[in-house]
Amino acid sequence: MKYLIHKAQPKRVKLSPKSGYCLAGMAGLLIFGAVAVPAIAAEQTSTAPSQEDMRLYDIANAPQAQRIEQDIRTLVDFGTRHTMSDTQSDTQGIGAARRWIEAEFKRISKECGGCLEVVTVANTVEGKRIAKPTEVVNVIAIQRGNTDPKRVVMMSGDIDSRVTDVLDATSISPGANDNASGVAGAIEAARVLSKYQFNGTIVYAALSGEEQGLYGGNILADYAKAQDWQVQAVLNNDMIGNIAGINGVINNSSVRVFSEGVRFAETAEEAKARYFSGGENDSASRNLARKIKSLADQYMTNLDVMLVYRLDRFGRGGHHLPFNQAGLPAVRIMETNEHYDRQHQDIRVENGIAYGDVIEGVDFEFNAKLTALNAISLAAQAWAPAPPSKVSIEGQVSPSTTLSWQKSSDETVVGYRVYWRSTTAPEWTHSRYVGKVDTFTLDNLVIDNYLFGVASVAANGNVSPVVFPGATGAFFK
């Protein structure tokens with residue numbers, strides 16, 4: 001929607017309800033029911049930056065299914081990538097797989113003039129699903145940002161595979177979709193995005209130990225903290241290549257994004273504040289998921305992002321959880337229709353049913369499409385400024401609502417955009433650009449009836465994820 005903007009005031013800008021509603025606002029009322037739209041003023045003194053970055057259209061079309069297929073076939077050919085499988089062979093086992101991934105990242109880095117720093121992050125663990133002390137090794141490639149290198153957005157996939165017995169480290173376990181598809185996606189995203197330079201840092205991660213207890217994610221979350229990274233987003237890709245569900249549905253045009261609603265790391269004091277002010281549906285992870293969907297809607301075709309308002313599939317987990325437990329924004333990206341006969345199964349045929357996670361179950365074009373979703377999400381956030389910090393809200397027993405935040409010293413921030421929606425709306429429905437201020441009042445929008453947020457705006461057309469006020473929605477602690 002487009003609005004005319006009041007003449008800027010030093011600290012606070014108010015919209016007068018006496019000015020009437022613009023046509024776009026009237027349309028918004030028809031579409032979104034009771035959601036109020038601020039009135040327009042008679043003159044406009046500034047212009048909002050475009051919310052469109054043409055580079056992202058190119059990135060959305062760049063991932064290649066043929067390269068992804070080649071990478072998945074390479075990973076499948078290692079026989080098994082079980083966490084406790086052979087680490088010495090050059091052709092079989094997880095050791096060979098992670099060395100190949102490391103070499104591939106280094107090859108990509110060489111092609112971009114050394115733009116990737118390739119490292120392994122490891123720890124020795126033992127647990128219920130790891131019978132003896134085992135080194136869990138993650139392979140990561142770091143593309144440092146030019147102006148804000150401590151701020152990190154990350155794409156991850158899991159190296160390890162398994163069969164029916166989670167402790168079986170020797171049987172053939174191709175893990176084609178679960179999760180060579182995610183690792184191949186991260187490698188392909190690195191190929192695509194290494195051709196660009198970004199403000200923030202992008203990390204491409206191949207994690208280990210997922211099937212044994214999410215060990216790789218815990219190790220990398222600890223590493224991020226030790227490196228003093230400001231982790232803005234973790235996109236965990238776990239099974240992004242299957243289009244045929246066990247329910248008989250075949251669909252190559254939808255994807256699920258799972259996200260926590262209330263922060264796992266919320267304190268008792270923060271929970272009490274949220275209980276009385278709302279925000280159960282507005283964690284940083286949840287607004288990260290909304291950002292991913294909005295990017296897909298703008299820059300991709302034939303892809304419907306299904307926002308699933310749940311941490312993960314019912315009663316199940318994934319490698320974004322360790323990051324959520326560490327208080328970091330993280331989501332799971334995966335296919336919409338799962339085929340359980342192809343997950344965690346010995347390769348066999350029983351009663352005419354073929355079991356096993358073999359390469360025939362992967363649709364490489366679909367894999368490339370979901371890789372593209374990751375790539376534009378990483379790029380848009382790395383080009384955008386950091387989300388606003390110290391966002392607060394007030395307006396109790398008042399006809400108006402005031403949002404405040406800490407004005408950034410980042411020179412790429414040209415202003416801010418405020419958002420609001422009905423309390424029952426799943427996504428942000430209304431927004432307006434307010435300029436480079438640190439507080440803004442929406443006249444005639446009662447705080448009790450809507451949910452509000454703020455995002456940072458760059459001149460290049462990219463906008464940060466929306467930040468819900470208070471600790472509930474903060475991206476950085």
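Computed from a predicted model, the values in this text were never measured in an experiment.
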Hey, are [X] and [Y] close enough for a salt bridge, meaning a charged N less than 4.0 Å from a carboxylate O?
X      : Y      : value
Glu211 : Arg81  : no
Arg290 : Asp282 : yes
Glu111 : Arg107 : yes
Arg99  : Glu102 : no

Less than 3.5 Å apart, any donor N or O on the side chain of [X] or [Y] sitting next to an acceptor on the other?
X      : Y      : answer
Asn252 : Asp363 : no
Ser285 : Ser259 : no
Glu52  : Tyr57  : yes
Asn460 : Asn462 : yes
Asn177 : Arg342 : no
Glu188 : Thr371 : no
Ser283 : Arg263 : no

Would you say [X] and [Y] make side-chain contact, with heavy atoms under 4.5 Å?
X      : Y      : answer
Val118 : Ile108 : no
Lys293 : Asp304 : yes
Asp238 : His319 : no
Glu260 : His320 : no
Pro387 : Gln232 : yes
Leu378 : Phe198 : no
Val437 : Trp405 : yes
Gln51  : Gln298 : no

Looking only at heavy atoms, which two atoms of [X] and [Y] are closest? And how far apart?
X      : Y      : value
Ile240 : Phe366 : O-CD2, 3.6 Å
Ala186 : Ala205 : CB-O, 4.3 Å
Ala284 : Pro329 : CB-CG, 3.8 Å
Ile72  : Ala184 : CG1-CB, 3.7 Å
Gly279 : Thr472 : O-CG2, 3.3 Å
Ala386 : Ser456 : O-OG, 2.8 Å

Quick one: does [X]'s side chain have a donor or acceptor within less than 3.5 Å of a partner on [Y]'s backbone?
X      : Y      : answer
Tyr309 : Pro426 : yes
Asn179 : Met239 : yes
Asp160 : Glu210 : yes
Asn337 : Ile250 : no
Arg191 : Leu193 : no
Tyr204 : Gln143 : no
Ser85  : Ile94  : yes
Gln92  : Asp77  : yes
Thr134 : Lys132 : yes
Ser404 : Ser392 : no

### Summary
Which of Phe468, Phe440, Tyr416 passes side chain to side chain contact (heavy atoms under 4.5 Å, CB included) with Val454? Answer is Tyr416
[atom1] of [X]: more than 12 outside heavy atoms within 6.0 angstrom?
X      : atom1 : result
Lys150 : NZ    : yes
Phe476 : CZ    : yes
Lys436 : NZ    : yes
Gln70  : CD    : no
Leu167 : CG    : yes

Working to the nearest 0.5 angstrom, can you tell me the gap between [X] [atom1] and [Y] [atom2]?
X      : Y      : atom1 : atom2 : answer
Leu220 : Met154 : CG    : CE    : 4.5 Å
Arg55  : Ile376 : CZ    : CD1   : 13.5 Å
Ser161 : Phe78  : OG    : CZ    : 11.5 Å
Ile159 : Ile101 : CD1   : CD1   : 4.0 Å
Leu370 : Leu303 : CG    : CG    : 6.5 Å
Leu311 : Phe258 : CG    : CZ    : 9.5 Å

### Task
Start with the C-alpha gap between Arg162 and Asp168, add the side-chain angles, then the distance that decides, and say whether side chain to side chain contact (heavy atoms under 4.5 Å, CB included) holds.
CA-CA 7 Å; Arg162 59 164 287 191; Asp168 183 348; over 6 Å; no
### Message
Applying side chain to side chain contact (heavy atoms under 4.5 Å, CB included) to Val203 and Trp229, what does each step give before you reach the verdict?
### Response
CA-CA 11 Å; Val203 171; Trp229 286 351; 3.9 Å; yes
### Message
Is there a side chain to side chain contact (heavy atoms under 4.5 Å, CB included) between Asn242 and Met334? Walk through the geometry before answering.
### Response
CA-CA 9 Å; Asn242 175 64; Met334 72 174 301; over 6 Å; no
#### Entry: From CA spacing to verdict: side chain to side chain donor-acceptor pair (under 3.5 Å), Ser431, Arg417
CA-CA 7 Å; Ser431 72; Arg417 182 172 288 273; 3.2 Å; yes
### Query
Stepwise, does the salt bridge (Lys or Arg N to Asp or Glu O under 4.0 Å) test hold for Glu365 with Lys369?
CA-CA 6 Å; Glu365 293 288 347; Lys369 186 185 295 186; over 6 Å; no
### Query
Leu235 and Ile292: side chain to side chain contact (heavy atoms under 4.5 Å, CB included), yes or no, with the steps?
CA-CA 10 Å; Leu235 312 184; Ile292 293 169; 3.6 Å; yes
#### Entry: Trace of the salt bridge (Lys or Arg N to Asp or Glu O under 4.0 Å) decision for Arg67 with Asp71
CA-CA 6 Å; Arg67 292 192 303 219; Asp71 291 344; over 6 Å; no
### Query
Is the ring centre of Trp420 less than 6.0 Å from the ring centre of Phe452?
no
